[in-house]
Amino acid sequence: MKVRHALMLAAAMLSAGAAQAQFQKPEDAVKYRQSAFSVMGTHFARLGAMANGKVPFDAKKAQEDAAVVLMLSRLPWAGFTPDTQQLESKAKPALWSEMDKVKGGADKLMTAAVALDAAAKTGSLDAVKKTFGDAAASCKACHDAYKSK
Ligand code: ASC
């Protein structure tokens with residue numbers, strides 16, 4: 001058990017280190033996370049337009065949008081490196097002091113994105129509607145707490 005714990009800790013430290021080492025400059029990390037959020041938001045909004053009946057439901061497009069959201073939902077978090085805290089962005093100070101809550105929020109979004117993707121794959125608008133709300137709520141929860149206007 002002790003060995004397993006130590007291995008897990010080592011793995012966690014390695015992956016955190018790797019995420020940081022991926023960016024040459026802190027500015028690159030900010031650009032990376034903002035870009036991921038931006039592309040995710042574009043495809044999420046397209047799904048929302050269908051889920052809310054603002055545009056006709058297109059099952060194939062919904063499936064593509066949900067697949068993009070799912071993939072992108074995994075990316076932004078690595079861009080919140082400690083060395084970006086001093087840089088200009090919409091991140092509120094609380095984000096840096098509540099990083100485990102932020103990670104919890106990220107997990108909620110990733111889980112919701114898995115459900116949304118599975119729903120879109122069924123081709124049913126009803127299924128998309130049922131899962132879209134949870135995903136939107138997970139976006140909003142973090143924006144309200146950690147993103148300035
Ligand atoms: C979107 C988008 C978000 C969320 C959020 C949900 O389409 O870009 O950030 O929905 O507004 O409340």
Side-chain angles (χ1 to χ4, degrees), residues 8 11-149:
M8 278 163 61
M13 284 164 66
L14 270 178
S15 61
Q20 257 159 281
Q22 280 167 7
F23 302 106
Q24 301 229 326
K25 311 190 293 289
E27 287 81 0
D28 292 347
V30 174
K31 198 196 269 183
Y32 178 90
R33 73 188 192 222
Q34 289 175 342
S35 305
F37 279 130
S38 173
V39 177
M40 176 162 53
T42 296
H43 289 270
F44 193 68
R46 288 178 190 170
L47 276 168
M50 289 189 260
N52 296 315
K54 292 197 177 110
V55 305
F57 181 62
D58 179 324
K60 187 166 176 285
K61 283 185 184 156
Q63 198 172 320
E64 287 169 1
D65 289 329
V68 173
V69 169
L70 175 59
M71 176 180 278
L72 274 287
S73 71
R74 296 175 175 149
L75 301 186
W77 323 112
F80 287 99
T81 51
D83 59 3
T84 62
Q85 186 168 352
Q86 309 308 324
L87 298 178
E88 173 85 35
S89 86
K90 289 185 181 168
K92 288 183 187 171
L95 180 141
W96 305 105
S97 56
E98 296 175 14
M99 203 37 100
D100 27 332
K101 281 194 193 163
V102 173
K103 292 203 169 105
D107 284 343
K108 276 196 178 151
L109 170 63
M110 290 187 274
T111 302
V114 169
L116 184 58
D117 178 65
K121 283 199 168 96
T122 69
S124 146
L125 172 59
D126 224 43
V128 170
K129 280 186 183 168
K130 279 193 182 123
T131 48
F132 181 82
D134 268 358
S138 72
C139 299
K140 184 170 163 30
C142 272
H143 290 175
D144 288 352
Y146 303 117
K147 186 186 178 194
S148 52
K149 301 275 186 252

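We count ligands from 1, going down the list as the structure has it; atoms in each ligand are counted the same way. These figures come from a predicted structure and were not determined experimentally.
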Asks: How far is atom 8 (O) of ligand 1 from the closest protein heavy atom, and which atom is that?
Replies: Gly41 CA, 3.9 Å
Asks: Which ligand 1 atoms, with their elements, are less than 4.0 angstrom from a heavy-atom of His143?
Replies: 9 (O)
Asks: For ligand 1, which atoms sit closer than 4.0 Å to a heavy atom of Ala45?
Replies: 7 (O)
Asks: Main chain of Pro76, side chain of Arg33: is a donor-acceptor contact present, judged purely on distance under 3.5 Å?
Replies: no
Asks: If we count only non-hydrogen protein atoms and require a distance under 4.0 Å, does atom 11 (O) of ligand 1 qualify as touching the protein?
Replies: no
Asks: For atom 4 (C) of ligand 1, what's the nearest protein heavy-atom neighbour? Residue, atom name and distance, please.
Replies: Cys139 CB, 3.8 Å
Asks: So which heavy atom in the protein is nearest atom 6 (C) of ligand 1, and how far is it from that ligand atom?
Replies: Ala136 O, 3.4 Å
Asks: Can you find a side-chain donor-acceptor pair between Glu98 and Tyr146 that sits under 3.5 Å?
Replies: yes
Asks: May I ask you to test the Cys142-Lys147 pair for a side-chain heavy-atom distance under 4.5 Å?
Replies: no
Asks: Around atom CE of Met71, are there more than 12 heavy atoms from other residues, nucleotides or ligands closer than 6.0 Å?
Replies: no
Asks: So, are Lys103 and Asp107 salt-bridged, with charged N and O less than 4.0 Å apart?
Replies: no
Asks: Inspect the surroundings of NZ in Lys92 and state if more than 12 heavy atoms from other residues, nucleotides or ligands are less than 6.0 Å away.
Replies: yes
Asks: Please list the nearest protein heavy atom to atom 7 (O) of ligand 1 with its residue and the distance rounded to 0.1 Å.
Replies: Phe44 CD2, 3.5 Å
